[in-house]
There are 2 protein chains.
Amino acid sequence: MPRPSTPLLSPDRIRSTALAIIDRDGLDGLSMRKLAAELGVQAASLYGHVRTKDQLLNDIASSILSTVDVSGFDVDWREGLIRCARSYRAALSSHPNIVPFLAYGPAGRDESLKRLDILHGALVDAGWSRREATMIAAGLMYIVFGSALSSFSSGFSADPADYSGRYPHLDRAHLLPGVARELDHDSFELALAAFVRGL
Amino acid sequence: MPRPSTPLLSPDRIRSTALAIIDRDGLDGLSMRKLAAELGVQAASLYGHVRTKDQLLNDIASSILSTVDVSGFDVDWREGLIRCARSYRAALSSHPNIVPFLAYGPAGRDESLKRLDILHGALVDAGWSRREATMIAAGLMYIVFGSALSSFSSGFSADPADYSGRYPHLDRAHLLPGVARELDHDSFELALAAFVRGL
DNA sequence: GGGTTAACCTAACACTGTTCGGTTAATCGG
DNA sequence: CCGATTAACCGAACAGTGTTAGGTTAACCC
C-alpha cells in the first residue's frame with residue numbers, strides 16, 4: 001500500500017486501540033503486530049507515530065493518571081487524603097490490566113509528580129513535617145497500588161475443593177470470586193479508613 | 001554431549017541459579033537460554049527438569065513465601081498482624097526483583113494460602129467477623145505488596161533539575177534515591193502502625 | 001550383556017520488538 | 001502546472017523469546 005489519501009494512523013488512535021486491547025486481552029495480550037492488525041496496518045508503520053512500545057505504554061499510563069483528582073485538600077487533610085486515594089484507585093481500576101506496568105515507576109511520570117506535589121504541599125500546610133508528609137504519601141500509594149493490583153480476592157479459585165479440608169478457616173474462600181469486586185472495594189475502604197484514622 | 005556420568009542439572013540447582021539471575025539482572029533478565037548457559041547446558045535440557053518457565057517462577061515464588069512467619073498471634077492480634085506484615089515484607093524485599101511476578105496471584109499459592117488461613121483464623125478468634133477478617137487480611141496485603149513493589153522512593157530521579165521549579169513542594173525529591181531503603185522501610189512502618197492502630 | 005531409561009544435544013517453530021530500504025501519494029515552491 | 005520534498009505505509013529482515021520434536025549416548029537393571 002502506498003501513502004493513503006487520508007492517514008490511517010494517529011497517535012491518538014494508536015493509543016486508544018492499544019488500551020482497548022489491553023483491557024480485553026491483558027497486558028501480555030498487546031503486541032505491536034496485533035495492534036497494527038487491529039488498525040488495518042503493518043507493524044512497522046506504527047513506528048512512524050510511536051517511538052517505542054514502552055513509550056506507548058507510558059503515554060497511555062500518563063493519560064490514565066491525568067484523571068486523578070487531588071482537589072479535596074481545602075476542606076481537611078484527612079478528607080483530602082481519602083478523596084485523593086479514592087480517585088487514584090478509581091482511575092487504576094478502570095483499566096486494571098495496565099496497573100502492573102504502572103506500578104513500576106509511577107513516581108517518575110509527570111502526571112504522577114504533579115499530583116504528588118500537591119499532596120505533599122497540602123500535608124505540610126496541615127502541620128506535618130516534610131519527612132512525615134513524604135511517608136504518609138508513600139503509605140497512601142501502598143494502599144492504592146496494593147489494592148489496584150487486585151491480587152487478592154480475584155486470585156482465589158471458585159472450586160470449593162481447593163480449600164475445604166486443607167485450609168480450615170478458608171472453607172468459604174471459593175465464594176470470593178463472586179464478590180471480588182465488592183470485597184476489594186470494601187477492603188480498600190477499610191484499609192484507607194484505618195490508615196487515615198491511625199495517623 | 002551425551003548423557004553425563006553425574007547429572008549437571010537438578011530442580012534445586014536450576015531454581016537457585018534462576019533466582020540468582022533474577023536478583024542480579026531483574027525479572028526480564030532471566031531467559032531460559034541465559035539460565036541454561038549459566039548452568040553449562042543447552043536451553044532444551046532444562047525442560048527435562050522444569051515443566052515451563054512460569055512453573056519455575058512459581059516454584060521460586062513459593063520457596064520465598066515459605067519463609068514468611070505467622071506465629072505471632074498468640075500474644076495479641078495487633079502484634080500478630082504487625083509481625084506477620086514485617087515478616088512478609090522482609091521475605092519480599094530479600095528478592096525485590098521477583099515481587100512484580102509475585103504480586104499477580106499470591107492468593108492462589110499454597111504457601112500463601114496456608115499463612116492466610118492462620119491469619120484469618122487468628123482474627124476470627126480475636127472477635128472479628130469472617131468478613132472483617134478477610135478485609136483486614138486484604139488490607140494488610142495491600143500495604144505489604146504496595147511497599148514491596150518499592151515503586152515509591154526508588155522511582156525518583158537523583159537530578160535536582162527534574163524537580164526544582166516544576167514541583168514547588170518536591171524541591172528536595174532528588175535526595176530520595178540516596179535514602180530510598182531507609183525511607184521505604186520507615187514509610188512501611190508508618191503505614192503499618194497507622195493501619196493497625198486505626199482498626 | 002541386552003533392553004530400557006535418563007540426560008543431554010541440535011534444529012526448528014512461532015512468536016516478540018524493532019530497523020532498514022523501498023514505493024507511492026500528498027504537499028509545497030516557483 | 002511541474003518538480004522536489006516529505007509523509008505514510010509496506011516487505012523483509014535481525015536478534016531475541018519460550019517451547020517442542022527427534023536424535024545420541026551413557027548409566028542402570030535384570
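First the proteins, then the strands, lettered A, B, ... as listed; each starts at 1. Heavy atoms only: backbone and side chains are in, while hydrogens, waters and symmetry mates are out.
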A:R86/A:E79 ion pair, N-O < 4.0 Å: no
Rounding to 10°, can you tell me the angle the first-five-pair axis of the helix from C:dG1-D:dC30 to C:dG30-D:dC1 makes with its last-five-pair axis? 0°
Got a salt bridge between B:R83 and B:D76, using NZ or NE/NH1/NH2 to carboxylate O under 4.0 Å? no
So is A:R89 actually on top of A:F188's ring, under 6.0 Å and inside 45° of the axis? yes
With a 3.5 Å cut-off and no angle check, do the side chains of A:S87 and A:D69 form a donor-acceptor pair? no
Look at A:D117 together with B:R166 and state whether they make a salt bridge at an N to O cut-off of under 4.0 Å. no
Assess the side chains of B:T67 and B:Y88: does a donor N or O sit below 3.5 Å from an acceptor N or O? no
Residue pairs fulfilling side-chain hydrogen bond (donor to acceptor under 3.5 Å, both in side chains) with at least one residue in residues 13-22 of chain B, sequence neighbours excluded: B:D12-B:R15
Which residue pairs pass the side-chain hydrogen bond (donor to acceptor under 3.5 Å, both in side chains) test with at least one member in residues 38-53 of chain B, sequence neighbours excluded? B:R24-B:E38
Once you round it to whole Å, what is the distance between P of D:dA27 and CG of B:L9? 16 Å
What parts of residues 23-35 of chain B reach DNA chain D, counting only heavy atoms under 4.0 Å away? B:L30, B:S31, B:M32, B:R33
Are any non-hydrogen side-chain atoms of B:W77 and B:L199 less than 4.5 angstrom apart? yes
So, using side-chain hydrogen bond (donor to acceptor under 3.5 Å, both in side chains) as the criterion, who are the partners of B:H120 when residues are at least two apart? B:T134
May I ask you to list the residues of residues 42-59 of chain B, by number, that have any heavy atom positioned under 4.0 Å from an atom of DNA chain D? B:A44, B:Y47, B:T52, B:K53
Rounded to whole angstrom units, what separation is found between the CD1 atom of A:I14 and the P atom of D:dA8? 11 Å
